[in-house]
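Read the structure below first, then the notes.
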Amino acid sequence: MPQTEPPTAPPAIVPPTTLPASRATTPPAETKQAVRDRVHAHRAELLALSRRIHAHPETAFEEHRAAAWCAELLRQHGYSVTAPAHGLATAFDARLGSGPVTVALVCEYDALPGLGHACGHNLIAAAGIGAALGLAPFADRLGLTVRVIGAPAEERGAGKALLLEAGAFDGVDAAMMVHPCPVEVADFRSFALGTLSVRYTGRAAHPSLDPHRGRNAADALTVAQVAIGLLRQQLPPQWRVHGITTAAGTAPNLIPDAASAEYEIRASAAEDLAELRSRVEDCFRAGALATGCEVELTRPEPDYLDMRSDPRLLALWRANATAIGRPEPIESGPFACTDMGNVSHAVPSIHPVLDITGGACAPHEAAFAEAALGAEAERAVLDGAVAMAWTAADLATGAATAGAATAGAC
C-alpha cells in the first residue's frame, strides 16, 4: 500500500459492472458456520503461510516464492491453478466451482525494499487463501465460481492495473481483499496516485575556464523544484506533489550535463490526476526552458486510481464483520494508495482494512513488520478470511434467490 499523508497514457476510467441482482437473502446459518469451521480447520496452514512469506520478503515482481507457496496450497485443496498468469511471472489465477456468480479473492504478497513486510502483505495473502479454502467445499452449492488472483507489485508497479489490462478480471462479478492497518475501516478510500520520472540533459563544461559553454542540468531541476514549491500554494488541499533528486552531478568542478528526479502526484479522485500532472510537468519544462537544457518526462508505471467501494458489497461486509466480532469500524477520509482502486473502477469491489496495532504503529514502519506476526495479525487473517467468504456466499445466494423469484414470476 504506497503511503501518503494521513493516512504510457493514463488509464481510462470505466464504470464498474453491475452486481448480480439480489434480495436481502443469505445462506442458511448452518452453511455459513460450516464455511467458518472450514477456514478455522486450515488455521495452521494459513498462519504458517503468513509466517513463511513474512520470513522471506520479496519486492515488486520478484515474489516467486510467495506466489508459488500460495498456488501450491490452493492446488492441494482442489483449485485449478494457472501460474504464471496474465503475462506476469509472479501472478497466478486459481479457480474452483461452476456457479453463475464469480467472485475474485485478491492476494498481495510483495514486500517493501529494506523494510520487509512492513505493510503486512503476508496477512493479505493468507486471508485471501483462507477465504478460498473456506468456500471450496460449498462453492457449487452456493452458486459460486471462486477465483483467487495472485497480484504482484502493489507497492511499486501497479500490478493490478497490468492484470486488468491483461483481462485477469474479465467476467468477475465482484472482487475483494482485506489489508492490515492501525485502524478498522470498512469503507476504505484511497488517493489516486501518478508517478513521474524526470531526466534533464545539459552540456558539461569547466565552471571557471568556460562556464558560458555549459548548460547546467542541476540548475534546471532547481528551477523546477522552486516552481513546484510555488505551485503548491494554489493547489487544492487534497492534492500532493513530492519527490526526490536521484542525480545532480558528480563533482563540484564540472557543470552537470545530467540530472534526474522521481516524483509522485496524488489527488483524491482519479479525474483530478490529469490536470495535476499537466501543471507539474509544466514546472519541469520551465526548468529546461530557463537553463537551455532538454527534459524527458516519462511515467514509470500506470496510475493508481482511487478506491471506490461498492455499496452493496460493503453492506454485506459490515454485517459479516460485526457478526464475527470485529471492532466497530471508523469513518475515514482517503489515506494511502492502492492499485485495488483500479479494480474498483472496473469491477464492484471492497478493500476493508483490519486493525492489528490499535494505532501503535502504521504501515511502512519497522514496528508494523513486527506487528504483522503478532496475535492481532493472526486474528485478522482468520477474521478476514471468514468475513470475505461469508460476503461472497451472501452475494451468490442473494443473486440466486432473486433469479429464482424472477423466473417464477414469468
Side-chain angles (χ1 to χ4, degrees), residues 2-5 8-12 59-62 112-115 153 155-159 161-162 165 191-236 238-267 270 272-305 337 339 364:
Q3 287 291 83
T4 188
E5 297 179 13
T8 262
T59 55
F61 300 114
E62 300 297 331
L112 289 158
L115 285 172
E155 293 292 352
R156 177 62 65 192
L162 302 177
E165 186 178 348
F191 284 97
L193 165 72
T195 54
L196 180 64
S197 291
V198 184
R199 300 288 182 271
Y200 285 107
T201 302
R203 184 187 305 155
H206 195 284
S208 63
L209 180 64
D210 56 353
H212 56 284
R213 297 184 183 279
R215 298 292 182 266
N216 194 317
D219 285 352
L221 184 54
T222 298
V223 170
Q225 290 170 328
V226 170
I228 289 170
L230 296 172
L231 173 67
R232 287 192 182 102
Q233 299 176 95
Q234 279 75 49
L235 293 181
Q238 296 300 320
W239 291 16
R240 305 281 191 271
V241 183
H242 46 93
I244 59 169
T245 299
T246 54
T250 57
N253 61 348
L254 179 67
I255 291 174
D257 63 352
S260 59
E262 298 292 329
Y263 267 71
E264 293 183 344
I265 59 173
R266 301 177 194 246
D272 297 327
L273 276 180
E275 179 185 349
L276 179 56
R277 184 182 291 277
S278 176
R279 295 176 72 178
V280 171
E281 287 183 347
D282 280 347
C283 292
F284 287 112
R285 294 187 185 99
L289 181 64
T291 58
C293 295
E294 301 293 326
V295 64
E296 179 185 7
L297 303 172
T298 58
R299 302 181 190 190
E301 60 192 46
D303 288 347
Y304 287 62
L305 306 187
C337 300
D339 56 6
H364 295 218

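Numbers here are sequence positions counted from 1. Being a predicted model, the structure only gives us computed values, none of them experimental.
Looking at F284 and Y200, their side chains come closer than 4.5 Å, going by heavy atoms from C-beta outward. Taking the side chain as every heavy atom from C-beta outward, T59 and E155 never approach each other to under 4.5 Å. Between R279 and V241 the shortest side-chain heavy-atom distance does not fall below 4.5 Å.
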Distance-only donor-acceptor pairs under 3.5 Å for side chains of residues 245-258, two or more places apart:
residue : atom : partner : partner atom : Å
T245    : OG1  : Q225    : NE2          : 3.1
T246    : OG1  : S260    : O            : 3.3
T246    : OG1  : S260    : OG           : 2.6

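Closest heavy-atom contact between C337 and L193: SG-CB, 3.7 Å. For L115 against H364, the heavy-atom pair with the smallest separation is CD1-O, 3.5 Å. Nearest heavy-atom pair across N216 and A218 is OD1-N, 2.9 Å. When all heavy atoms of R266 and F191 are compared, the pair lying nearest together is CB-CB, 4.4 Å. The heavy-atom pair separating Y304 from L273 by the smallest distance is O-CD1, 4.2 Å.
More than 12 heavy atoms of other residues, nucleotides or ligands sit less than 6.0 Å from atom CD of E262.
Rounded to the nearest 0.5 angstrom, R232 CZ and R240 CZ are separated by 10.5 Å.
Applying the side chain to side chain contact (heavy atoms under 4.5 Å, CB included) criterion to A161, with sequence neighbours excluded, gives A158, P302, N342. Listed by chain and residue number, S197, E296 satisfy the side chain to side chain contact (heavy atoms under 4.5 Å, CB included) test with T298 (two or more places apart in sequence, or in another chain). Scored by the side chain to side chain contact (heavy atoms under 4.5 Å, CB included) test, A261 finds V198, L221, Y263 as partners (sequence neighbours excluded). Here L230 pairs with V226, Q233 under the side chain to side chain contact (heavy atoms under 4.5 Å, CB included) rule; sequence neighbours left out.
Remark: the backbone N or O of L305 is not paired with any side-chain donor or acceptor of D303 at under 3.5 angstrom.
Sequence neighbours left out, the pairs with a member in residues 207-218 that pass salt bridge (charged side-chain N to carboxylate O under 4.0 Å, His left out) are D210-R213.
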